[in-house]
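Just so it is clear: chains get the letters A, B, ... in the order the sequence lines come, proteins before strands, and each one is counted from 1.
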2 protein chains.
Amino acid sequence: MSITYREVKADILRQITQGELAPGSAMPNEVDLAASYGCARATVNRAMRELADDGIIERRRKAGTRVRQNPIRQVRLNIPIVGQEIAELGASYRYTLVHSQAEPAPDWLRARMALDRDDRVMHLICMHYADGAPYQHEDRWINLGALPEAEDHDFTDTGPNEWLVSTVPFTDAQISFHAVAADTSLAGYLGCAEGDPLFQTERTTWLEGRTITFVQLTYRRGHRVTMQY
Amino acid sequence: MSITYREVKADILRQITQGELAPGSAMPNEVDLAASYGCARATVNRAMRELADDGIIERRRKAGTRVRQNPIRQVRLNIPIVGQEIAELGASYRYTLVHSQAEPAPDWLRARMALDRDDRVMHLICMHYADGAPYQHEDRWINLGALPEAEDHDFTDTGPNEWLVSTVPFTDAQISFHAVAADTSLAGYLGCAEGDPLFQTERTTWLEGRTITFVQLTYRRGHRVTMQY
DNA sequence: TCCCCTGAAAGATATAGACATAAGGTGGAA
DNA sequence: TTCCACCTTATGTCTATATCTTTCAGGGGA
């Protein structure tokens, strides 16, 4: 076959990284590039589209394509399910349900989850262990108005995350990362000292505009989230 | 024009989220889908390719396409330059160079950056302020073997990050997020108490296999990194 | 001078057809 | 029975061409 879009992409990327195409400079248009590579315009288009998607170049109709002044640096971050995360570490996974109760939503949670005054929630506290050692503390609230089945479901054996992803896959979510100090309770569960700095993830999940669940995931001391780009 | 790949994608996604196509189930092949949508195979292909890229479906030659059992949850995370990050908050940005010295690489850093025994590094400590308040503490090491210009460059007015992205754009990097306790020095710089939990980012950057720089970015107390998907 | 309309440029996308590649499945040989 | 060669099939990609959409730039009118 003739030249592939991967080769075109690689060649353009090479020209950019080796300085033949300076940041900020304009590139030839698709028609000319196709002619110079001796391929169809669609091939060049796909190469350029992917480069634009990667944040390397910037494309605008009529204005043409140029090398970005400062390439956008972005990474893709996988949001794992804790059981899988631990399995990928090569460790054995154990789950425990610590607390499980349906109750009216406290005020702070009503604000976070955009709930009404009389909405009830399922409050679950769970622990996830890797090779027997505490790995993650899960403090989860499920909106019983949106998911009444949660009240009767038995979370003794499998975590709410597993149940949720199989019951309501394809949700929208907002995630945030931050650091917290271990309070007495977290220190007890995670086997660290009170006041220790812990990495915490918060996640709110929606389905078609309705809040499904809010969860705080607190990791054992020293946990890192790592990415490449 | 006839049906677009976006419409095809949206329709397939709708079928999946509304349960018409169950997780794990096989989908019709591209030729059949194209016929049923009354469009070209390339149109269906693009829709399916993007869905696969989004982690919704799984495609294998010959085996066909099926809806993923558990959709891959992933987010794109932009790695901002601190000045831009602060500007986007609508705050004023101020930068200070605290410390700047060329020195032999300490042992722990040689391991991290894969340096030789006699490699020298540029050690920079900087502070970034938002509306006058401490925002981020930057502790950076630049490999002078790979970037000798760094020794003579003046970092008084602009941060090393800005200089690096304009000098060596298009690098590879590994990033990690974690929580640390503020030591005396960090507490002083960031205006928090010793022992406070702080969100920290570590980043190692390479260019063609050579380590360029290693940096620890520690944020003010309460900082969050937020993402949507 | 300012504003709106129009033409043209360049990317975005659709189409039909062809060939490439990977991999599941099957039948025959060992 | 086991295993390998081969056939088939679904996705992957390229070509050539056409149309659509966005947007810049220039001209004309108020």
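Computed from coordinates, the Glu58(A) CD to dA10(C) P distance equals 17 Å when rounded to whole Å. For the pair Tyr5(B) OH and dG11(C) P, the computed distance is 16 Å after rounding to whole Å. Put simply, CZ on Arg66(B) is 15 Å from C1' on dT11(D), counting in whole angstrom units. Counting to the nearest Å, the P atom of dA14(C) and the CD atom of Glu7(B) are 8 Å from each other. For the pair Leu33(B) CG and dT9(D) P, the interatomic distance rounds to 18 Å; values are reported in whole Å. Between Arg6(A) atom CZ and dA20(C) atom P the separation is 17 Å, expressed in whole Å.
Electrostatic pairing of Arg76(A) and Asp53(B) counts as a salt bridge here, judged by a charged N lying under 4.0 Å from a carboxylate O. Remark: Arg6(B) does not engage Glu50(B) in a salt bridge, criterion side-chain N to carboxylate O under 4.0 Å. Ion pairing of Arg66(B) with Glu58(B) is absent here, as no side-chain N (NZ or NE/NH1/NH2) approaches a carboxylate O to less than 4.0 Å.
The phosphate of dA10(C) (OP1 or OP2) has no side-chain N or O of Arg60(A) nearer than 4.0 angstrom. One finds a side-chain N or O of Arg59(B) lying less than 4.0 angstrom from the OP1 or OP2 phosphate oxygen of dG12(D). Using a 4.0 Å cut-off, no side-chain N or O of Thr43(A) falls inside it from OP1 or OP2 of dT13(D). For dC14(D), the OP1/OP2 oxygens have no side-chain nitrogen or oxygen of Arg46(A) closer than 4.0 Å. Residue Asn45(A) places no side-chain N or O under 4.0 Å from the OP1 or OP2 atom of dT13(C). The phosphate of dA10(D) has neither OP1 nor OP2 within less than 4.0 Å of any side-chain N or O from Thr65(B).
If you check distances only, the side chain of Arg61(A) does reach the base of dT21(D) with a donor-acceptor pair under 3.5 Å. One donor-acceptor pair, N or O on each side, does fall under 3.5 Å between the base of dT13(D) and the side chain of Arg41(B).
Remark: Arg220(B) fails to qualify as a cation-pi partner of Tyr135(B) under the 6.0 Å distance and 45° angle criteria applied to the six-membered ring.
Environment of CZ in Arg60(B): sparse, with no more than 12 heavy atoms of neighbouring residues, nucleotides or ligands closer than 6.0 Å.
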